[in-house]
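Order of the sequence lines fixes the chain letters, A, B, ..., with proteins taken first and strands second; residue numbering starts at 1 for each chain.
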Amino acid sequence: MNLNPGPAGSEGWREPIQASWFDRPATEVAPDLLGKLLVRQVDGACAAGRIVETEAYQGEDDQGCHAKAGLTERTRVMYGNPGTAYIYFTYGMHWLLNVVCMPVGFPAAVLIRAIQPIFGEEFMQARRPAAAKGWLNGPAKLCQALAVDGQLNGANLCQTSSGLWIADDSVAANQSAVRTTPRIGLNTVPEPWRSLPWRYTLE
DNA sequence: CGCCCGATGTGCT
DNA sequence: GCACATCGGGCGT
């Protein structure tokens with residue numbers, strides 16, 4: 001098995017970020033996730049991408065957050081441990097990946113919206129049209145590329161045994177390059193939540 | 001490039 | 001019923 005090691009001299013991608021790092025507001029975790037690695041290991045292959053776009057969703061008050069409906073079967077994971085994967089199905093065909101934040105009992109999560117390929121491109125391209133332009137710049141696209149679906153809902157992202165984790169390879173993001181905008185796709189969400197600057201992008 | 005629209009399943013009112 | 005944290009193709013500019 002060739003694990004397609006990461007950048008020379010950097011083994012940081014093997015070490016998952018620990019749960020305590022996610023035990024704070026999603027509006028803090030979301031910008032801090034920019035520049036971190038999203039790593040997938042499954043079927044004897046390994047692939048990773050650098051996170052370049054995130055969104056924060058937090059609290060039952062946030063009318064853009066699924067937790068506005070309170071604790072339900074669907075939102076249960078968001079009320080759980082920080083560092084857990086909250087993965088849901090939408091538009092009849094797409095999976096979206098979030099990382100749970102905040103202590104148990106408070107619903108919050110960060111949506112991973114885009115990554116840039118770091119290694120394991122062959123693994124990712126086998127699941128995405130190789131010729132497609134912008135083949136990882138969307139929350140459903142990156143889930144398809146990394147073989148992330150509902151089977152991983154509730155998975156612990158703080159251990160490699162899940163086959164999905166987030167790592168810091170010490171290629172620090174330039175914080176000055178972080179930009180904020182309103183979140184995408186909240187077309188019927190009332191103000192002020194619709195326009196909160198809770199989308200974070202790199203470059 | 002932009003806008004428009006259909007695909008397609010499910011959670012919640 | 002309907003909205004939905006989307007995507008890709010089609011067609012007009």
How many whole angstroms separate atom [atom1] of [X] from atom [atom2] of [N]?
| X | N | atom1 | atom2 | result |
| --- | --- | --- | --- | --- |
| A/Leu136 | C/dG8 | CG | P | 11 Å |
| A/Tyr88 | C/dA3 | OH | C1' | 13 Å |
| A/Asp62 | C/dA5 | CG | P | 11 Å |
| A/Asn98 | C/dT6 | CG | C1' | 14 Å |

Legend entry - DNA chain C base-pair string [pairs: Watson-Crick or G-U under 3.5 Å; |: paired with another strand]: ||||.|||||||.
Inset, instruction - Could you give the distance separating C/dC4 and B/dC5 at their C1' atoms, to the nearest angstrom? - result: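 About 16 Å, rounded to a whole number of Å.
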Legend entry - Least distance between heavy atoms, A/Tyr79 atom then A/Ala67 atom: OH-O, 3.8 Å
Inset, instruction - Using only heavy-atom distances, determine whether the side chains of A/Thr181 and A/Arg199 contain a donor-acceptor pair under 3.5 Å. - result: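 A donor-acceptor contact under 3.5 Å links the two side chains.
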Legend entry - Under 3.5 Å side-chain donor-acceptor pair for A/Gln18 and A/Ser20: no
Inset, instruction - Could you tell me whether the side chain of A/Leu96 reaches within less than 4.5 Å of the side chain of A/His94, counting heavy atoms only? - result: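 Yes - at least one pair of side-chain heavy atoms lies under 4.5 Å apart.
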Inset, instruction - Taking the side chain as every heavy atom from C-beta outward, state whether A/Trp135 and A/Glu121 have any atom pair closer than 4.5 Å. - result: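 Side chain of A/Trp135 against side chain of A/Glu121, heavy atoms only: contact under 4.5 Å found.
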So, [X] and [Y], do they make that salt bridge, N to O below 4.0 Å?
| X | Y | answer |
| --- | --- | --- |
| A/Asp61 | A/Lys68 | no |
| A/Arg183 | A/Asp62 | yes |
| A/Arg14 | A/Asp169 | no |

Inset, instruction - Look at the rings of A/Phe89 and A/Trp95 and say which category their plane angle falls in: under 30° parallel, 30 to 60° tilted, over 60° perpendicular. - result: tilted
Inset, instruction - Would you check if the distance from the ring center of A/Trp198 to the ring center of A/Tyr57 is below 6.0 Å? - result: no
Inset, instruction - Run the ring-centre check on A/Tyr88 versus A/His66 and record whether the distance is less than 6.0 Å. - result: yes
Inset, instruction - Can you sort out which residues in residues 183-194 of chain A have a heavy atom within less than 4.0 Å of DNA chain C? Ascending by number, please. - result: A/Ile184, A/Gly185, A/Leu186, A/Thr188
Inset, instruction - Please work out if A/Gly138 contacts a base, only the sugar-phosphate, or nothing of the nucleic acid, heavy-atom cut-off 4.0 Å. - result: sugar-phosphate
Inset, instruction - Give the B/S/- string for nucleotides 7-13 of chain B, one per nucleotide from 5' to 3', where a protein heavy atom under 4.0 Å of the base yields B, of only the sugar-phosphate yields S, and otherwise -. - result: BBBSSS-
Inset, instruction - Kindly say if A/Arg113 contacts the phosphate of C/dT6, meaning a side-chain N or O under 4.0 Å from OP1 or OP2. - result: yes
